[in-house]
Chemist: 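One structure is given below, represented as structure tokens, and several questions about it will come after.
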Amino acid sequence: MKILSLHIQGFGQFENQSFYLTDGSQLIYGGNESGKSTIYQFIRTMLFGFPKKREQVRDFEPISGAAYGGRIEIEHPVYNQFTIERFKNKNKGQASVTLSDGQTGQEALLEKILNPLTKELFDQVFSFQQEQLTDLAQLDEVRLQHLLLSVGLTGSGELTKISDDLLKDRQQIYKPTGRLPRLNQELKAFRELEAKITDVEKQESTYQTKLSLLGELEEKVLHLENQHDQVMTASRRLAEQQKRFAMYVEYTTLKTEAEATKPTDQLTVMKVQDGLQEYRFLEKKEKDMMAQQAEQTSNVSPAFVFYLDNQELFEKALVDQMTVETLTERRQLVAEQVLADNRKIDALCSTYGMQRGVTDEPLNQQIIKEIEEVSEREELITREKIILGNESSRLGIRQKELNQQLNAIEKTMVEQEGESQAAPKHVSGMTLAQIVGAGLVAVGVICLLLTVLLPKLILIVPAIIFTGAGVISWMQTKPQKGGQPPIQDMNPMMSRDHYRLQLAEADELEYELNKISEKLDTVSNQLTVIEDQKAIWHKLYGFTSTDTLASWLTKIPVVVQLQELQEKAESSQLQLDQIDNELTMYSEQLNFARQWLNLEVNTIREQYLIVRDFVTDQQKAAQTERVNYAQTESYQQSLINLRYERQALLEQLIHVIEDSAVTNVDGIVTWIARQTDWQNNQQQAEELALRLEEYFDLSKSYELAAISDSLIKASTEKEQLEQQMVKTRDDLQAVRYEITAMEKNGTLDYLYQERENYLTVIKQLSDEWLSIRLAEETIQELFQFLSDQQLPSLLKAASNYFNLLTQEKYNQIIVNEGQLVVKDRQRRVLHIEQLSTGTKDQMYIAFRLAFIQMHQRDYGSPLIIDDGWLHFDKERKETLFKLIQVLGKESQVICLSSDISMKQFFDETKQTVITL
């Protein structure tokens, strides 16, 4: 696996920058603070994710506010070329992986691709950093040998850490002579309980009675809870029925209309449509013939001809005129009444902020009482929500302040660590007394070491004298005046303690904010329930949904008045509709005259006046026109035959329809439209049935009043059950209290049960202790197995690298009596403590490179070296540089350095150099 390119959107000091890497070894060169460690941390973050907040890692989030993250392109032997993209504020920092074939995935796919490479293995094996080499100087011989072997055998110190953790966990459970371990305490308590059981075996009768009563009360509580759940389920169903009742009414209306309409097969409907088309054709032909008759008989007035043809209908219209006049006057009065009622309703709604959606649902005392109760709950919950919101805002401000303080402390700690690693310590920071004290202590330590090595007891006395004098001289140094130093001058340990305290407070604030958030969610859910109930009342009684229930209570008299006015307006509107229906019927009786007279006027009364004037005019012209009309009787006979044919066709269509309500052409048109509407209504009713069948039994009939009454009854029954449950639980609590009081004296059943509990806990702890012990033995066997299997190959590979790094000064690393030793070119055996710091670094690097050589095919990770030659002289550096060049032929090697000699070597060998 090799890295092809880095695209940094925002990471540390880099923004919108790209770096393209090559095969083999390459150098990223730059001075201090140029961004070398930033590039290393970017690669690590893209592969394994952003560090947790509590990890002691420098914060690389860009100060400019750019997107925190970027992407990296990698070439893999199995998955070919793929891209990893990761941003801190996108998908919670999770990776987005895109393969060359377009397949995408997230963190799970990335782990699958990188497996078995992990973050720990990458940090401890495939990346070299100055901090790791600096830590080696603080190890004694035994710990250094253990570290070298564990790194070489497993790639990390995880096996040793797991073994130490298992030992600690096992001793926390049980020690043969301990008092604090859990199993020791449980065994002691068990022995005390056994002694108590032997003293309690008499008082049983009263205790058994109470236990029996306890069982009965528990069964009763369970029964009441089941009943309460059933009532709650029924109540919710009734509430849903009440909410969807308008939809149910629409369904029943559509169903009733569909049942009222007798469905006819499609062929009959098509036949009637064709016949109606033919009827319209004959009707048009009749009009054309009448027009031709008028042209041929210009002496006869067409209007008079039309009058004679429909004389009986005209006479009947004159008789109906008086009735129409009466109905018209009556309609005007009723319409004025409806308008007045609606104006009163609008005035009330405008004055009191109500809506016209008031129904005829009765607003009784029970409903008013429910509104009052819910109103009180609404005020309490709203007040609690405001208090919680204020507290959340206060804690949020404090949390923001803490985060700023933590960021400042973290920045200071990182700067302190950087200064301690990058710059040597100056003697000028120490007083003269401190320098003298340090020298005396050093002389004392040397004398003490010589006493152990030579050994000569006479050197103990000067060792003690020099050490004591050095400590006294150091202690006499007075601290600088000026009080406590600022954060950046504080002892790193003091700064870390302060940082941990701040972190603890931040965690506590986070916990409190989560609790308040949960309470706010609960309050919001309660308010949502109240809003749902308000929506039902708003729909039934017209209250304004945005107002509070307290304001609703003041508008109840207005609602009652609105209901009365609405009932009156509906009654008047019904009368008005009846009058309009009668007037429409009289208007339809004038349809015969519409083909000659222009009756497209506003009112039916005006239509009858036009007919009356037309009849008066024709009666005046009757004497003159009758003579001319006689001459056109033959032509008229053709019209009569045509009309007879049209009438016969009409009767035929009426016969086909077989509906007594259909008696004319308009009825046929209405019948066809009704058949079409039946199809549409049938489909709509089926859709509504699917939406309602979950809440209604559609084979039954429902009334809104009955649903409301049932909902009230269910609410009352729920309250009664809750009261019974409270009383029964109180009785249950009292019995439990009495039993508890008796058990304090130690009833046998209780003590037996307690003994069984102790035995269960003891068995669990024993099993846990044995499991940990078995795990320890397994780890030891695994470590031994790995040592037996890999140690010879490891030592051989490490010896080769060590020989190259030391320019053949040391040619072999071996294990002698369980200790790591080296042989030089003169075959002399040297222990680790006899090696210089640079040689120890070379040995550590040799072990790391040996492991990489043995497992490169398994892990396939590129090798990253960040100034890993800190303690090397010029010759050792040149040897390491040549070794890096050789390693680059097998795998990708990325060096990060500010060392000019490293840059010169890469330039001379024509290897890739990226300068920051």
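Bear in mind the structure is a predicted one, so any value in this text is a computation, not a measurement. FYI, the numbering just counts along the sequence from 1. The analysis underlying the following values was restricted to heavy atoms, covering all of them including side chains, and did not include hydrogens, waters or symmetry mates.
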Chemist: Quick one: SG on C895 to NZ on K36, what's the gap to the nearest 0.5 Å?
Modeler: 12.5 Å
Chemist: What's the spacing between E61 CD and I63 CD1 if we round to 0.5 Å?
Modeler: 9.5 Å
Chemist: Quick check: closest heavy atoms across A798 and A846, and the distance to 0.1 Å?
Modeler: O-CB, 3.6 Å
Chemist: Decide yes or no on side chain to side chain contact (heavy atoms under 4.5 Å, CB included) for L99 and V97, but give the supporting numbers first.
Modeler: CA-CA 7 Å; L99 302 182; V97 181; 4.2 Å; yes
Chemist: Any heavy-atom pair between the side chains of L395 and I516 that's under 4.5 Å?
Modeler: yes
Chemist: Could you tell me if the side chain of I74 sits less than 4.5 Å from the side chain of L47, heavy atoms only?
Modeler: yes
Chemist: Begin from the C-alpha positions of K2 and L4 and carry the test side chain to side chain contact (heavy atoms under 4.5 Å, CB included) through to its verdict.
Modeler: CA-CA 6 Å; K2 63 181 178 181; L4 301 179; 4.0 Å; yes
Chemist: Can you tell me how far apart OH (Y79) and CE (M1) are? Round to the nearest 0.5 Å.
Modeler: 12.5 Å
Chemist: Please confirm whether the backbone N or O of E111 pairs with a side-chain atom of N115, one donor and one acceptor, at under 3.5 Å?
Modeler: no
Chemist: Got I28 and Y40 here, is their nearest side-chain heavy-atom distance under 4.5 Å?
Modeler: no
Chemist: Do the side chains of L6 and I39 get nearer than 4.5 Å, heavy atoms only?
Modeler: yes
Chemist: Considering only heavy atoms from C-beta outward, does the side chain of T45 approach that of F60 to under 4.5 Å?
Modeler: no
Chemist: Can you check whether L916 reaches Y29 side chain to side chain, under 4.5 Å on heavy atoms?
Modeler: no
Chemist: Before you tell me yes or no, could you show the steps for E768 and L765 under side chain to side chain contact (heavy atoms under 4.5 Å, CB included), namely the whole-Å CA-CA distance, both residues' side-chain angles and the distance that decides it to 0.1 Å?
Modeler: CA-CA 5 Å; E768 185 177 354; L765 290 174; 4.0 Å; yes
Chemist: Could you check whether atom CD of Q834 has more than 12 heavy atoms from other residues, nucleotides or ligands sitting under 6.0 Å from it?
Modeler: yes
Chemist: At their closest point, which heavy atom of P51 faces which heavy atom of K88, and how far apart are they?
Modeler: O-NZ, 4.3 Å
Chemist: May I ask you to check whether over 12 heavy atoms, not counting those of E401, lie within 6.0 Å of atom CD?
Modeler: yes
Chemist: With no hydrogens and no angle check, just 3.5 Å: does a side-chain donor-acceptor pair link D23 and Q892?
Modeler: no
Chemist: With Y68, which residues qualify under ring pair (Phe, Tyr, Trp, His ring centres under 6.0 Å), at least two apart?
Modeler: F11, F50
Chemist: How about K809 and N803: do any of their side-chain heavy atoms sit closer than 4.5 Å?
Modeler: no
Chemist: Is there a donor in the side chain of Q911 and an acceptor in the side chain of Q26, or the other way round, less than 3.5 Å apart?
Modeler: no
Chemist: Using side chain to side chain contact (heavy atoms under 4.5 Å, CB included) as the criterion, list what pairs up with Q405, not counting sequence neighbours.
Modeler: R398, L402, Q502
Chemist: Counting N and O atoms only, with roles assigned by atom type, does the side chain of T909 sit under 3.5 Å from a partner on the main chain of F905, one being a donor and the other an acceptor?
Modeler: yes
Chemist: Just wondering, are more than 12 heavy atoms of other shown residues or ligands nearer than 6.0 Å to CG in L690?
Modeler: yes
Chemist: Using every non-hydrogen atom in the two residues, find where L114 and F48 come nearest and quote the distance to one decimal.
Modeler: CD1-CE2, 4.1 Å
Chemist: Does any N or O in the side chain of S799 come within less than 3.5 Å of the main-chain N or O of I813, such that one atom is a donor and the other an acceptor?
Modeler: yes
Chemist: Please report the closest heavy-atom contact between H831 and V821, naming both atoms and the distance.
Modeler: ND1-CG1, 3.5 Å
Chemist: Does the ring center of H7 lie less than 6.0 Å from the ring center of F14?
Modeler: no
Chemist: Within the 4.5 Å heavy-atom criterion, are I43 and I864 side-chain neighbours or not?
Modeler: yes
Chemist: Does the side chain of S897 come under 3.5 Å of the side chain of D899 through a donor N or O and an acceptor N or O?
Modeler: no
Chemist: Is it true that a side-chain atom of N91 and a backbone atom of Q94 form a donor plus acceptor pair closer than 3.5 Å?
Modeler: no
Chemist: How would you list, by chain and number, every residue that makes a side chain to side chain contact (heavy atoms under 4.5 Å, CB included) with S100, sequence neighbours excluded?
Modeler: N80
Chemist: Any salt bridge linking R86 with E107? Criterion: basic side-chain nitrogen under 4.0 Å from a carboxylate oxygen.
Modeler: yes
Chemist: With E73, which of I84, T83, L21 fulfils side chain to side chain contact (heavy atoms under 4.5 Å, CB included)?
Modeler: T83
Chemist: Nearest 0.5 Å, please: how far is CE in M843 from OG1 in T806?
Modeler: 9.5 Å
Chemist: Measure across Y20 and I914 and return the closest heavy-atom pair with its distance rounded to 0.1 Å.
Modeler: O-CD1, 3.8 Å
Chemist: Classify the side-chain pair T104/T98 by whether it contains a donor and acceptor separated by less than 3.5 Å.
Modeler: no
Chemist: To the nearest 0.5 angstrom, please state how far the CZ atom of F906 sits from the CD atom of Q904.
Modeler: 13.0 Å
Chemist: Does E15 form a side-chain hydrogen bond (donor to acceptor under 3.5 Å, both in side chains) with Q9? I'd like the steps, not just the answer.
Modeler: CA-CA 5 Å; E15 291 186 15; Q9 185 71 22; over 6 Å; no
Chemist: Run the salt-bridge test on D767 and K763 with the 4.0 Å N-O cut-off and return the result as yes or no.
Modeler: yes
Chemist: Out of curiosity, Q764 CD to S771 OG, how far, rounded to the nearest 0.5 Å?
Modeler: 11.5 Å
Chemist: Which atoms form the tightest heavy-atom contact between G31 and S898, and what is the distance?
Modeler: CA-CB, 4.1 Å
Chemist: Apply side chain to side chain contact (heavy atoms under 4.5 Å, CB included) to L513 and S392, showing your working.
Modeler: CA-CA 6 Å; L513 283 172; S392 177; 4.0 Å; yes
